[in-house]
Amino acid sequence: MSFSKKKIVTFGDELKNIERYLGIEKIRYGDRMSIKGDVPQDCYSCFMPPLILQPLFENAVKYGLHESVENMFLEYSASLNKYELIFVLRNSYETDAQVNNGTGNGIKNVEERLKLMYGRVDLVKIIDSNNIFEMQITIPQIKKPDVKELSHE
């Protein structure tokens, strides 16, 4: 089964893809982009939907750096809280660069996928304050057979 057809993957596999993407962006933007990750080892084996983080990182780069003339920071972290993987992504941005902030479909799509998969609407939290955009994603840790089948995949 190809990676894109899987219903669930490990956080470690998802993070490897994100790190490849960030490596490309780091080459593109060089010193203008500061990246810091903090992920404890126990998070790597957690389960999550595939490609759920990619649009969030793409948004962070697009609105934090691509539309900016300033340097940006991008920080991500993960923690395991009993039965939930908590993932946090933070990035700086210029106020003027956020004026043309797109359609918001990337975040809406992530919220909808998580809602369909886990039956909850409280899994994405956004904090936008003092030119720092933060997203917190909660991924319930359930057994693979308990994951709802998505009819549109």
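The basis for the numbers below is simple: all heavy atoms, side chains too, and nothing from hydrogens, waters or symmetry mates. The first residue in the sequence is number 1, and the count goes up from there.
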For the atom pair [atom1] ([X]) and [atom2] ([Y]), what is the distance rounded to the nearest 0.5 Å?
X: L22; Y: Y29; atom1: CG; atom2: OH; result: 12.0 Å
X: R113; Y: Y118; atom1: CZ; atom2: OH; result: 9.5 Å
X: I86; Y: K125; atom1: CD1; atom2: NZ; result: 7.5 Å
X: F87; Y: S77; atom1: CZ; atom2: OG; result: 7.0 Å

Using residues 35-44 as the side-chain source, report each donor-acceptor pair under 3.5 Å to any protein atom, sequence neighbours left out, with the distance given to one decimal.
none

Point to revise | Backbone N/O of I52 and side chain of E14: donor-acceptor pair under 3.5 Å | key: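 Answer holds: yes.
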
Review point. Counting distance only, does the side-chain N/O of E75 pair as donor-acceptor with the main-chain N or O of L89 below 3.5 Å?
Key: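 Looks like no, no N/O pair under 3.5 Å.
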
Review point. Taking only residues two or more places apart in sequence, or in another chain, which ones meet N130 in a side-chain hydrogen bond (donor to acceptor under 3.5 Å, both in side chains)?
Key: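 For N130, no residue satisfies side-chain hydrogen bond (donor to acceptor under 3.5 Å, both in side chains) once neighbours in sequence are set aside.
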
Review point. What pair of heavy atoms forms the shortest contact from C46 to L80, and how long is it?
Key: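 Here C46 and L80 meet closest at SG-CD1, 3.5 Å.
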
Review point. Do you know the tightest heavy-atom contact between I139 and F47?
Key: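 In this case the closest contact between I139 and F47 is CG2-O, 3.3 Å.
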
Review point. Is it the case that Y76 and N91 place a side-chain donor and acceptor less than 3.5 Å from each other?
Key: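 N91 and Y76 do not have a side-chain donor-acceptor pair below 3.5 Å.
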
Review point. Should the pair E25-K62 be classified as a salt bridge under the 4.0 Å nitrogen-to-oxygen rule?
Key: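 Salt bridge flag = no for K62 with E25.
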
Review point. Do V121 and L56 share a hydrophobic cluster (ILVMFWY, side-chain heavy atoms under 4.5 Å, transitive)?
Key: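 The answer is no; the residues belong to distinct hydrophobic clusters.
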
